[in-house]
Amino acid sequence: MGLARRIIPCLDCDNGRVVKGVRFVDIRDAGDPVEVSKRYCDEGADEVTFLDITASHEGRATTVETVGEIASQVFIPLTVGGGIRTLDDIRMMLNAGADKVAINTAAVFDPTFVRAAAERFGSQCIVVAVDAKQAAGEPEPKWEIFTHGGRKPTGIDAVEWCQRMVDYGAGEILLTSMDRDGTREGFDNRLNRAVSSSVRAPVIASGGVGVLEHLAAGVLQGGVDAVLAASIFHFRQFTIRQAKEHMAGRGIEVRL
Amino acid sequence: MSTLAVIDYGMGNLHSVAKAVEHVGRELSLELDVAVTADAQTIAQADRVIFPGVGAIRDCMAEINRLNVGEMVAEAMQSRPVLAICVGMQALMAYSEENGGVDCLGLIPGQVRYFGEELRDAAGARLKVPHMGWNEVRQTRAHPLWEGVPDNSRFYFVHSYYAQTDRNGLVAGTSRYGKEMAAAIADRNIFATQFHPEKSQKAGLRLLGNFLLWSGEA
């Protein structure tokens, strides 16, 4: 026995509410982030990820407040992402009670920001979030990364990018398949395998979970260290506990 | 009213620690005043001290030296219950390999080492670094802070370096990640954990509660 694979529920939040989009659009309301986080923690979630999709300045203040409230009531690790652009943004989120921050667009805009952040705060709290879309098919699939919530193509190869980010000090990669996000068809495990086998840092798979077996497949086929899902938990299709029991039944070490 | 000082040296998730002990204090109906502070006097007068930490050891030690936190910790260590967490624990050792080699406080004999690029599990599979997530902690000896914490409970870890002490008798708990490492070290009135009790849900909150009730005697 040793380190457990993690199950991480993700809260996409807009102006203080949990929402969930399908393929990055079509938003549905899924509750109060503090209540939702507490429920997940009680059900045995290993971490909680809070992605702030609020664009407005006022919304950011709400986010900081919400992060603080979650951190006062939920005693498992909390990752906050969305709009993290400066060392001050990171400081602010850590002070509010976040344990890690996820950096996406700002890393592409200036990769040395990741290096500076890891040097200042330590690799363990720097997660690089990557939105990847398949760009080439057989026999050797390739994936391209996108920024700005999946709207802007970059021409950058996903696997090379993740390697570079880990070299720069990223402590973890949050890898979202844009092709699968919101589809409920399961993770892109070729993408997961390609990235996870080429970086030394842990990889979290994201995008596409529709049934519990998809979570197990992320570990068994994708080789990832943690699996992230949103809608299957928000709409109470499954509890975290059920997800863990399913994974344990497939021979995966989990924290029960 | 009992007072607890969380030493603030400008790094990491100090507020997470403070929030967790405040929560536990309320649950135990303790009259507890928690201060996140770098003020020498407040720390000197506190009934117990938490030395938290995340971040890179070089920056931590630079801040510790700049703020004379080392003296405050050394002072606190003479008598009061001290809980050191993660980099806080590493900072107590003599030396760390991180950042090309950094001298630490030297309050506990031992060094801090890197997990290595080629870390493998018993089956030969490559292990990721940082060691991040929930791992089992085997309690290698009885201690008041383990009271009511089931042996082999999982705690949350996140680190790329681990502490090794020259004195085996000090190790209070071990975990396995490619190699066996000290997950907890206890020395007189000091209890130090590589894991984050403030992020380890029930088991972690129980340990923090035990710390709030601990006299400082092992």
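Chain naming here is simple, since letters A, B, ... match the order of the sequence lines and numbering starts at 1 in each.
A:Gln124 and B:His159 are not linked by any side-chain donor-acceptor pair at a separation below 3.5 angstrom, with hydrogens and angles left out of the test. Counting only N and O atoms by type, the side chains of A:Thr112 and A:Asp110 include a donor and acceptor under 3.5 Å apart.
Chain B forms the most heavy-atom pairs under 4.5 Å with one residue out of A:Glu47, A:Arg200, A:Glu253, A:Arg6, and that residue is A:Arg200. When each of A:Gly44, A:Ser197, A:Ser196 is checked for heavy-atom pairs under 4.5 Å with chain B, A:Ser196 comes out on top. The candidate with the highest count of non-hydrogen atom pairs below 4.5 Å against chain A, out of B:Glu136, B:Met132, B:Glu98, is B:Met132. The candidate from A:Ser123, A:Ala201, A:Ala226, A:Ala71 with the greatest count of non-hydrogen atom pairs under 4.5 Å with chain B is A:Ala201.
For a residue to count as touching a neighbouring chain, one of its non-hydrogen atoms must lie under 4.5 Å from one of that chain's; by this rule A:Val166 does not touch chain B. Contacts between A:Asp225 and chain B at a heavy-atom distance below 4.5 Å involve the side chain alone, from C-beta outward. Both the backbone and the side chain of A:Arg255 come within less than 4.5 Å of a heavy atom of chain B.
The heavy-atom pair separating A:Phe187 from A:Val209 by the smallest distance is CZ-CG2, 3.3 Å.
Checked against a 6.0 Å centroid threshold, the rings of B:Tyr177 and B:Phe115 count as neighbours.
Between B:Tyr161 and B:Tyr114, the two ring planes are tilted [angle within 30° to 60°].
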(request) Take A:Glu172 and A:Lys100 through the salt bridge (Lys or Arg N to Asp or Glu O under 4.0 Å) test and state the conclusion after the steps. (result) CA-CA 10 Å; A:Glu172 197 167 31; A:Lys100 314 181 204 178; 3.0 Å; yes
